[in-house]
Number of protein chains: 2
Amino acid sequence: MEELAESNGRRSVRMADVAAHAGVALGTVSHVLNHPEKVSPHTLERVRRSIDELGFVPNSRARALAAGTSSMIAFIVIDLGNSFFLDMARGAELEAQERGLNLVLANCDMNTDKELVYLSLFDAERMAGVLIAPLPSSADDQWRLQEWQSDVVALNVDASGRGCCVTTDDELGGYLAAQHLIEAGCRRLLFTGGPFSLLPIADRYRGAQRAVAEADGVSLELLRTLQTKPADGRKVGDALAARAADARPDGVLAATDLIAFGIIEALGVQGVSVPDDVKVIGYDNNRQAWESTVPISTMAQPGEEMGRHAVRLLVDEIRNPGSHEHEHVRLTPTLIARESTGT
Amino acid sequence: MEELAESNGRRSVRMADVAAHAGVALGTVSHVLNHPEKVSPHTLERVRRSIDELGFVPNSRARALAAGTSSMIAFIVIDLGNSFFLDMARGAELEAQERGLNLVLANCDMNTDKELVYLSLFDAERMAGVLIAPLPSSADDQWRLQEWQSDVVALNVDASGRGCCVTTDDELGGYLAAQHLIEAGCRRLLFTGGPFSLLPIADRYRGAQRAVAEADGVSLELLRTLQTKPADGRKVGDALAARAADARPDGVLAATDLIAFGIIEALGVQGVSVPDDVKVIGYDNNRQAWESTVPISTMAQPGEEMGRHAVRLLVDEIRNPGSHEHEHVRLTPTLIARESTGT
DNA sequence: CTGAAAGCGCTAACAC
DNA sequence: GTGTTAGCGCTTTCAG
């Protein structure tokens, strides 16, 4: 099981070698690396030259062991193929870099078991901290049940009470999306998406319900899908196209852009015009759906901002173990109106 | 610059704590972890219980330091937003896992400077090995100029002479793609893509030239683009649509699927039919282009296989520092015929 | 300002 | 089988 790699042949040069080469004590070399201001210019120069000449690369593992600190943080992502998560990673990386931390990624590839595997790995590796963007299911996340060595902050999932987290307000997003459709003149709305075990989807639906309840003479129908892919959308589109025109919704709220994409495509093929006959709005501002023939209106989630915030929370937790209080940062999605809901 | 994270508050339980708790020596605890067969069932049981009760998580850093080994490898990727590279990561992860190694990812986000930054980081962290899929430009890769502590194998780039690498044969891919077009009846081919500083693109063009040279009465035109995005393709599509029908190529070989996608879209808008008027083939089997209204024929690169191979080479290099010989594995792209070149 | 020495948490001989 | 001990490469007091 735990088949380890053997160290590679060449033995790397150690600090002691540098010290010998420069004719100083080992501690002095350490000082030029960590507290150069406390070393005389002359020694500094000499040691530095030795470092260069020998090609010395400080061993961070040893350093971390001795100093009890590390500059590595890890981000465990449920699906790096989803541009939303990749955006988070970008934001996290930028923020980490600005704070002198290094970010590595782990891809769970939609396999929730891997969340735990990687969490354990990084825990054992004594990362300074770890970020995790799990599958936002309603089931109690396994990883939350454990106490971890490293500080961890969750993204895209409500981990209140157990730790820091940053989410976007999906209920509000659903509300705003529905409102946009209503303002565009739609009266017979349809919400489609699934599975509802995904909290964000359930929340988006609730938001849509609220918007509809607040409006007069607007109805809301629900059509569940099994997944969130274009194929699911195409099925919905076909079903809709098969209906009589007056039995058709005039506004569709798709739980994801990918679904919206499928719907628009299927509708187009069957001669139903978007946005003339039916207006469609998606959710996620997913790059994969950017190239739709009819540009898709959508609710954009601030992925990069989420990543940045998460790192900020993490750093606070790492640096102020005493005073730190867990926080739930809730960001707001933004409406991006494009052609699919235009006039 | 090197602003480190401070260790978090709670001090984790060490092996010594476990030993004390179980009433055995520290070395014994180490044994139950690394050589359980050499420990009496009774002690084993007791130590294991102590480990559980105390929530002991072995410190891999210390372990790596003491043992001189590590099970972590890293994959530095030029662009995780590109599904081709993500496929490599998937393959690498699977292969790594089967060999008891753990894979972490680093995203350069199309920033070549980051390649070096991450390489240095992982070098200092004394990773067991590192994989790198850089920007395949013709410029001499900076990272190749240095001797690294860790073993490194390159993906998607020819690093012969300096280390192991695994690539796909782009020249052959271009050849096969052109041949496919010719067999589909095309006589006036157009190759479009760019910039040519990207080696794969130049190679694909060379392959197309070879196929055309081998065929009778087939011409090949070249239309360079600045980048490899759908927008570049749309420009090409518009230019083509603006031509008189008989001045138009009847077969287009796009250097990437994204370009092909843009071309098909632009052509469609202008009333030029794909594949009836013009056949189009792309390259990469990019998921982002899968949802095109006209499914795009393409040359698929075996990303996952590349990742697996790379890990195999890396492992050999790590385990047999003496006998290991650098190897260049060249994989073959596969034609995927879809509608855009259909009849 | 520089050197010596005591660990950091763990592995791997080597003894008992 | 189990305990003891000497490092792994580095940081960091603490004397000189």
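Letters A, B, ... mirror the listed sequences (proteins, then strands); counts begin at 1. Values below: all heavy atoms of this structure, side chains included; hydrogens, waters and symmetry mates excluded. Source: prediction; values computed, not measured.
With no hydrogens or angles considered, a side-chain donor-acceptor pair links H328(B) and T167(B) at under 3.5 Å.
Looking only at side-chain heavy atoms (C-beta outward), R90(A) and L86(A) come within less than 4.5 Å of each other. Inter-residue side-chain proximity for R48(A) and P36(A) is flagged as met; some heavy-atom pair is nearer than 4.5 Å. Looking at S150(A) and D123(A), their side chains come closer than 4.5 Å, going by heavy atoms from C-beta outward.
When each of dC10(D), dG9(C), dT2(D) is scored by its nearest atom to the side-chain atoms of R63(A), the top-ranked nucleotide is dC10(D). Distances were taken from every side-chain heavy atom of R14(A) (C-beta onward) to each of dG3(D), dG9(C), dG9(D); the shortest belongs to dG9(D). Distances from the side chain of L65(B) to the nucleotides dC10(C), dG9(D), dT2(D) place dG9(D) closest. Comparing atom distances between the A67(A) side chain and each of dC10(C), dT11(D), dG3(C) picks out dT11(D) as nearest. For V39(B), the listed nucleotide lying nearest its side chain is dT2(D); candidates were dC8(C), dT2(D), dG3(C).
Across all strands, H35(A) comes closer than 4.0 Å only to sugar-phosphate atoms, never to a base (heavy-atom distances). Nucleic acid contact class of V29(B) (heavy atoms, under 4.0 Å, all strands): none. L33(B) comes within contact range of no nucleotide atom at all, as no heavy-atom separation falls under 4.0 Å. In this structure, S40(A) reaches the sugar-phosphate backbone alone: every heavy-atom distance under 4.0 Å involves primed, P, OP1 or OP2 atoms, never a base.
Sequence order on DNA chain C of the closest nucleotides to G27(A) and E37(A) puts E37(A) first from the 5' end. Taking the nucleotide of DNA chain D with the nearest heavy atom to each of P41(B) and A66(B), the more 5' of the two is matched to P41(B).
Rounded to an integer number of Å, the gap from NZ of K38(A) to C1' of dT11(D) is 12 Å. For E45(A) and dC1(C), the CD to P distance is 16 Å, given to the nearest whole Å. To the nearest angstrom, C1' of dG9(D) lies 13 Å from CG of N34(A). Look at CZ on R46(B): it is 16 Å from P on dG1(D), rounded to the nearest Å. Going from atom CG of L54(A) over to atom P of dG9(D) covers 15 Å, rounded to whole Å. What separates CG of L26(B) from C1' of dA13(C) is a distance of 15 Å, to the nearest Å. H31(B) has its NE2 atom 21 Å from the P atom of dG9(C), to the nearest Å. Atom-to-atom, CE of M15(B) to P of dG7(C) comes out at 20 Å; the value is rounded to the nearest Å.
For dC1(C), neither phosphate oxygen OP1 nor OP2 lies less than 4.0 angstrom from any side-chain nitrogen or oxygen of T43(A). Taking only side-chain nitrogens and oxygens, S30(A) comes nearer than 4.0 Å to OP1 or OP2 of dT11(D). The side chain of N59(A) contributes no N or O atom lying less than 4.0 Å from OP1 or OP2 of dC10(D). Of the side-chain N and O atoms in T28(A), one or more sit less than 4.0 angstrom from OP1 or OP2 of dG3(C). When the side-chain nitrogen and oxygen atoms of S60(A) are compared with OP1 and OP2 of dC10(D), none of them lie within a distance under 4.0 Å.
By the 4.0 Å N-to-carboxylate-O rule, D52(A) lies too far from R49(A) to be salt-bridged with it. Taking the charged nitrogens against the carboxylate oxygens, R61(B) and E125(B) do have a contact shorter than 4.0 Å, which makes a salt bridge.
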